[in-house]
Amino acid sequence: MRRIPRRLSLLLPLLALAWSAHAGVTLHVDGVEDPLKAAVIGGLELSQYARREVTAAQATRLYQGAPEQVRAALQPYGYYDASVTGDLKQVGANWQVNLHVTPGEPVKVAKVELQLDPSAADIAPIRRARRAIERLEGKTLNHESYEEARNAMSAQLTANGFLDARLVTHRVEVNRGERRAVVKLAWETGVRYRYGQVHFDGSQFNEGFLDRYVPFQSGDYFSQDQLLTLQQALNGADYFAVVNVLPDVDEAKHGVVDVTVQLAPAKRTIYTGGPFIGTDTGFGVRGGVERRWVNRRGHKWKNELVVAQRLKTLSTMYTIPMPGPNQRSYNIGANYRDADTTTSQSRTLELVGNETRQWHGWTRTLGVHALAGTFTVGKRGREPDSTPGIEHGRSTEVFAEASLSRKQVDNPSFVHRGWSLTLAARSTAGSLLSDASFSQVSADAKWIRAFGAKRRNRLILRGTAGITHTDDFAALPPQLRFFAGGDRSVRGYGYQSIGPRNSHDRVIGGRNLLVASTEVEHYFTRNWGMAAFVDAGNAYSATDFRPKIGAGLGVRWRSPVGMIRVDFGTPIHDSRRSGIELHLVIGPDL
């Protein structure tokens, strides 16, 4: 065998290095699971060379530095005695690194020493933040959890008026030999600030009008939550295009902070309109004009016209905001309604006057309604009005109404966690100005909760109940009777097609109502999903409650114009009904 010339033998390592200049690193880590494994890989310089050029010398250097980098990556998770073994080998043009990690016993938090002024510690949000820090005791030391709890306390101090609060002690003392840690935290809270004056810049209204939206008074303790409530209230008033609520912290003196609210008026008159479709109403068009403010006192005026296959309405509402807290308003309106459902037809004119206000977190409405018109019930399709079994009526009802409504959502456009509840009561004053005396109470609730990986699933529960007492049920128009069936009731049945029947076997509505629904949604992408549902319920009289059941599947699309729901429902175990009913709903979850 010929010997390699000495000069050539000196060149071979250089040729090998040149050949490996384009080699990458394949990294394998075992012995730990996420999140520790992810932390180890993220802390290794080796992981940056999976798609980068690396020489043999670089690969060796990176491998030799890996054990120290692994130990450093594990320390924030409480593992201070990790050991690392492994190997480095060349596989083809690449380098393969195998690391075997033994994390060892973790360090536990043996004690939490926290110093805080007692006046601050008694405030509920700060008390909860303190408990979160104290709960670190006995757990594995996790620097991220420690920092989150520490920062949450600082944030709550600021949010609740301690604007000069300083974190003067923040240490984590680790004894590696005993595998124990002591957390030491101390704050100097300083004085708790109070509100001064609220200044509105850019308002188009009379001085003092916007005070009705301020949820605090001069002299109250400062709270960032109240400032957020103020911003949300001004945005919800729909008067302004820009709302910025700014506490004048830099100008605060003697424990008093003023608040400046920067405003820019919205467009004063807005016009709305366009086509729509719903299985309860059919195809239609909607048009409206709204005067966001009529005068410098903040009055509003809204008008809307709806013309659809089975529903025609013309409505107007004039709103008079009143001074003072709780966003109190008087509302005066009228509504003409021509409705044609599966089981009834009605033409009515309704006049309404009421007062609305915020009341202990609820929206409370107290008012009087005057409803007059003609109606038929029990009609099927385009039957002549003279068909036996169809009931005709003409009625005038003057009644008082009280309602409470509330909802909480984390995201109005797509709810992951939220609920709504509406309670209502109506009653005439005997037969005064009314063809029939009646009293009625109703409740409507909906609950939504996301679950599963990436919260791609939602459980939706819905329920409706109502009860009526009257001396002349036949005189009540369809709007004051209970029916079941339709998009927001029992799917698989037509709109208001379920209820008690007369002697001619025609649905005429009931005195009482009970409906419940369970629905599960799964989203395959951010915008597309499917649903499975079961609805059950019925309108009934006396105690003769026989629920109808509908079940089916649906498609969900988070479209640019809002949530679109297309459901296909079918009756279950119903000898009278069969087949599939299409339901289409466009609008928000709550």
Side-chain angles (χ1 to χ4, degrees), residues 125 128-129 132 148 151-152 155-156 159 213 215 223-246 261 266 270 272 274 276 278 290 292 327 356 358-363 404-423 443-464 487-488 491 516-533 535 553-567 583-590:
R128 288 193 292 268
E148 288 179 353
N151 294 339
Q156 285 299 337
Y213 296 103
S223 168
Q224 285 184 347
D225 286 344
Q226 290 178 331
L227 296 183
L228 178 60
T229 299
L230 172 58
Q231 175 136 6
Q232 291 173 337
L234 290 171
N235 282 325
D238 201 31
Y239 291 127
F240 307 105
V242 175
V243 177
N244 292 320
V245 178
L246 306 172
V261 182
I270 55 174
T272 58
F276 69 92
E290 180 179 359
R292 279 175 162 146
Q327 301 179 36
T356 61
Q358 297 300 308
W359 184 73
H360 299 289
W362 296 73
T363 298
L404 289 173
S405 64
R406 186 173 184 175
K407 68 177 179 179
Q408 291 185 355
V409 298
D410 57 354
N411 182 355
S413 63
F414 187 78
V415 178
H416 291 98
R417 189 184 186 95
W419 58 270
S420 67
L421 177 62
T422 298
L423 307 172
D444 188 82
K446 194 172 183 180
W447 181 88
I448 301 176
R449 188 65 50 87
F451 65 95
K454 298 182 180 180
R455 299 201 296 178
R456 286 192 172 185
N457 309 297
R458 295 199 305 173
L459 174 63
I460 302 175
L461 304 179
R462 171 172 52 84
T464 304
D487 303 339
R488 294 177 174 86
R491 286 164 287 187
S517 170
T518 299
E519 180 174 318
V520 177
E521 294 179 345
H522 174 73
Y523 285 83
F524 303 99
T525 69
R526 183 180 183 276
N527 295 324
W528 286 94
M530 66 172 295
F533 60 86
D535 302 334
L553 301 174
V555 177
R556 301 292 180 265
W557 178 32
R558 296 175 63 183
S559 78
V561 298
M563 177 67 77
I564 296 179
R565 306 170 186 82
V566 180
D567 291 323
H583 301 275
L584 173 64
V585 178
I586 303 174
D589 290 315
L590 296 174

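Along the sequence shown, the residues carry numbers beginning at 1.
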Smallest separation among heavy atoms of [X] and [Y], with atom names:
X: P588; Y: P412; answer: CB-O, 4.4 Å
X: L584; Y: D487; answer: O-OD2, 3.4 Å
X: D567; Y: G554; answer: OD1-CA, 3.2 Å
X: P215; Y: L230; answer: CD-CB, 3.9 Å

- Relative to the ring of F414, is the ring of Y523 parallel (under 30°), tilted (30 to 60°) or perpendicular (over 60°)? perpendicular

- Query: Is the closest basic N to carboxylate O distance between E521 and R565 below 4.0 Å?
  - Reply: no

Please report the interatomic distance [atom1]([X]) to [atom2]([Y]), rounded to the nearest 0.5 Å.
X: I448; Y: S420; atom1: CD1; atom2: OG; answer: 7.5 Å
X: L590; Y: W447; atom1: CG; atom2: CH2; answer: 12.0 Å
X: Q327; Y: T356; atom1: CD; atom2: OG1; answer: 9.0 Å
X: R456; Y: H416; atom1: CZ; atom2: NE2; answer: 10.5 Å
X: I270; Y: T272; atom1: CD1; atom2: OG1; answer: 6.5 Å
X: N457; Y: F451; atom1: CG; atom2: CZ; answer: 4.5 Å

- Note on the structure: residues 405-414 vs salt bridge (charged side-chain N to carboxylate O under 4.0 Å, His left out), sequence neighbours excluded, gives none

- Query: Can R449 and W419 be said to form a side chain to side chain contact (heavy atoms under 4.5 Å, CB included), step by step?
  - Reply: CA-CA 9 Å; R449 188 65 50 87; W419 58 270; over 6 Å; no

With sequence neighbours excluded, tell me which residues meet ring-ring contact (aromatic ring centres under 6.0 Å, His included) with [X].
X: Y213; value: none
X: W362; value: none
X: W359; value: none

- Query: By salt bridge (charged side-chain N to carboxylate O under 4.0 Å, His left out), which residues pair with R488, not counting sequence neighbours?
  - Reply: none

- Message: Go through it in stages, so that I can follow the logic: the residues are W557 and N527, the test is side chain to side chain contact (heavy atoms under 4.5 Å, CB included), and I'd like the CA-CA distance, side-chain angles, deciding distance and then a yes or no.
- Response: CA-CA 6 Å; W557 178 32; N527 295 324; 4.3 Å; yes

- Item | Flag side-chain contact, heavy atom, 4.5 Å: R556 against I564 | no

- Message: Is it the case that the side chains of N411 and S413 hold a donor-acceptor pair, with the cut-off being a distance below 3.5 Å and no angle test?
- Response: yes

- Message: I'd like to check the side-chain contact (heavy atoms from CB on, under 4.5 Å) partners of V242; sequence neighbours left out, ordered by chain and number.
- Response: N244, A264

- Step-by-step side chain to side chain contact (heavy atoms under 4.5 Å, CB included) determination, Q231 to L227: CA-CA 6 Å; Q231 175 136 6; L227 296 183; over 6 Å; no

- Note on the structure: The single option from R462, K446, R458, R558 that satisfies salt bridge (charged side-chain N to carboxylate O under 4.0 Å, His left out) with D589 is R458

